[in-house]
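Ligands are counted one by one from 1 in listed order, and the atoms in each one are counted from 1 as well.
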Amino acid sequence: MRISHSTQTGEEKFEHEIPQFGLGVFLMSQEGECKSSVLAALEAGYTHIDTARAYNNEHEVGEAIKESGMDRDSLFITTKLRRMHATGYEEVIEHCKKSLELLDTDYIDLYLVHAPPEDPEHRAPVWKGMEYCLEQGWVKSIGVSNYGPAHLEAMRDYASYMPSVNQVEFNPWLQRPHLFKATEDAGAKVMAYSPLARGHKVDDPELVAIAEKLGCTPAQVAIKFCYDSGCITIPKSSRPERIVENLASLEVDISSEMEAIKALECDYISGWDPTTEP
Ligand SMILES: NC(=O)c1ccc[n+]([C@@H]2O[C@H](COP(=O)([O-])OP(=O)(O)OC[C@H]3O[C@@H](n4cnc5c(N)ncnc54)[C@H](OP(=O)(O)O)[C@@H]3O)[C@@H](O)[C@H]2O)c1
């Protein structure tokens, strides 16, 4: 999938190709868990890893990539500026350099502001810092996460480059049409986090019934729904067999059950939701 950054004059800048599917590595807290999961994913054919400073495992992602022997250019790394670090221009530069060091890489493919900086006064200088990192080539593309329609709209006043991506919770139980449209209107792609609602909904009887009709697993239905909705989709698993199962979602045809999957919508937030903060 192609991502880019819209300018005030309607141009598209810093275009970059992003794999529409990847591995999320949140909540891999045991030492070595992230590294072994990333190695299993690369072995299975994943080419995109979504980490964050807040997950405290960027170094393990870097180690796994080195150990895999894979060409850096064949892989896509997303990481995020931690919310507590999103306080100003200089802080962004400092923490971007730190992430490059932890990941042991010359560049980050996609660097996201993890959530709208808590102090609204910090949002413009933080974004200017992100744009500086982009212009330096330290990062190939920049974006936001957990930005609501109002946060995106406000960016029009201070962004030279609008975000290429807005990473938000999205899954069959939380389809967010308003936020989806606002993200697209900003020129960004939706990146679906928690496609399995953090695992809370994998045993949902209605989902299980749909999966039985389709002849696939419940997790595959939810993941493919996000993917077919046009989202960059990043399910997390630390188990090699599920890592393979989740990638195999891409082969599943869910079109005959699309209406039934859409009907699972229930406005369920599995984690946090800063999109509605002032
Ligand atoms: N920007 C943000 O604020 C934000 C917030 C949340 C997440 N994220 C990103 O999005 C990624 C994915 O979201 P998430 O980790 O919250 O949740 P998720 O991917 O929706 O669900 C992960 C949970 O589902 C289980 N699971 C995975 N595959 C399964 C399968 N095939 N069958 C049954 N259970 C399965 C996992 O357990 P096992 O590991 O034991 O398999 C884990 O408990 C994160 O890792 C992170 O990279 C970003």
Side-chain angles (χ1 to χ4, degrees), residues 19-30 33-34 36-38 40-41 44 46 48-58 60-61 76-84 86 109-118 143-148 151 163 165-174 176 179 183 188-204 207-208 211 216-227 231-252 264 268-277:
Q20 202 192 327
F21 183 82
L23 178 77
V25 298
F26 180 41
L27 293 183
M28 293 191 177
S29 49
Q30 283 175 25
E33 184 180 354
C34 173
S36 59
S37 305
V38 172
Y46 286 59
H48 179 181
I49 308 296
D50 179 83
T51 181
R53 178 67 58 75
Y55 307 164
N56 199 25
N57 57 23
E58 288 170 305
E60 289 196 26
V61 172
F76 192 103
I77 307 175
T78 299
T79 192
K80 312 182 194 85
L81 175 74
R82 197 172 187 163
R83 202 176 202 191
M84 66 163 75
D109 289 280
L110 174 61
Y111 195 38
L112 304 177
V113 182
H114 206 141
E118 290 192 278
V144 294
S145 176
N146 296 299
Y147 272 47
H151 304 126
V165 156
N166 185 19
Q167 185 183 113
V168 296
E169 180 165 5
F170 178 94
N171 52 49
W173 308 276
L174 184 67
R176 321 187 98 164
L179 181 53
T183 297
K189 300 285 186 206
V190 176
M191 192 161 174
Y193 76 64
S194 305
L196 303 171
R198 302 200 178 190
H200 301 176
K201 295 284 192 180
V202 181
D203 298 327
D204 177 326
L207 181 73
V208 171
C216 65
T217 70
Q220 288 176 330
V221 175
I223 292 167
K224 190 63 183 324
F225 173 73
C226 300
Y227 190 91
C231 302
I232 302 151
T233 307
I234 48 166
K236 175 263 173 185
S237 180
S238 304
R239 305 190 200 186
E241 70 281 8
R242 285 182 175 173
I243 287 172
V244 170
E245 172 189 334
N246 295 348
L247 177 63
S249 308
L250 306 192
E251 311 302 323
V252 176
L264 297 173
Y268 178 75
I269 305 272
S270 72
W272 66 331
D273 186 22
T275 63
T276 52
E277 289 179 12

Determine whether the side chain, the backbone, both or neither of [X] has a heavy atom under 4.0 Å from any heavy atom of ligand 1.
{"X": "Leu112", "result": "neither"}
{"X": "Glu245", "result": "side chain"}
{"X": "Ala197", "result": "backbone"}
{"X": "Ser145", "result": "side chain"}

Numbered atoms of ligand 1 (with element) below 4.0 Å of [X], judged on heavy atoms:
{"X": "Gln167", "value": "1 (N), 2 (C), 4 (C), 8 (N), 9 (C), 48 (C)"}
{"X": "Ile234", "value": "9 (C), 10 (O), 11 (C), 12 (C)"}
{"X": "Gly199", "value": "21 (O), 23 (C), 24 (O)"}
{"X": "Pro195", "value": "19 (O), 20 (O)"}
{"X": "Gly24", "value": "11 (C), 44 (C), 45 (O), 47 (O)"}

Original post:
Parallel, tilted or perpendicular for Tyr46 and Phe21, by the 30°/60° rule?
Top reply: tilted
Subject >> The one among Asn146, Val144, Ile49 that brings a heavy atom closest to atom 3 (O) of ligand 1 >> reply: Asn146
**OP:** Mark yes or no for whether Asn246, through its side chain, and Ser237, through its backbone, hold a donor-acceptor pair below 3.5 Å.
**Re:** no
Original post:
Is there a side-chain contact between Leu250 and Leu247, using heavy atoms and a 4.5 Å cut-off?
Top reply: yes
Identify, for [atom], the protein heavy atom at the shortest distance, and state residue, atom and that distance.
{"atom": "atom 22 (C) of ligand 1", "value": "Lys236 O, 3.5 Å"}
{"atom": "atom 29 (C) of ligand 1", "value": "Arg242 CD, 3.4 Å"}
{"atom": "atom 20 (O) of ligand 1", "value": "Leu196 N, 2.7 Å"}
{"atom": "atom 46 (C) of ligand 1", "value": "Tyr55 OH, 3.3 Å"}
{"atom": "atom 10 (O) of ligand 1", "value": "Tyr193 CB, 3.2 Å"}

Original post:
What do the steps show when you test Ser194 against Asn171 for side-chain hydrogen bond (donor to acceptor under 3.5 Å, both in side chains), and what is the final call?
Top reply: CA-CA 7 Å; Ser194 305; Asn171 52 49; 6.0 Å; no
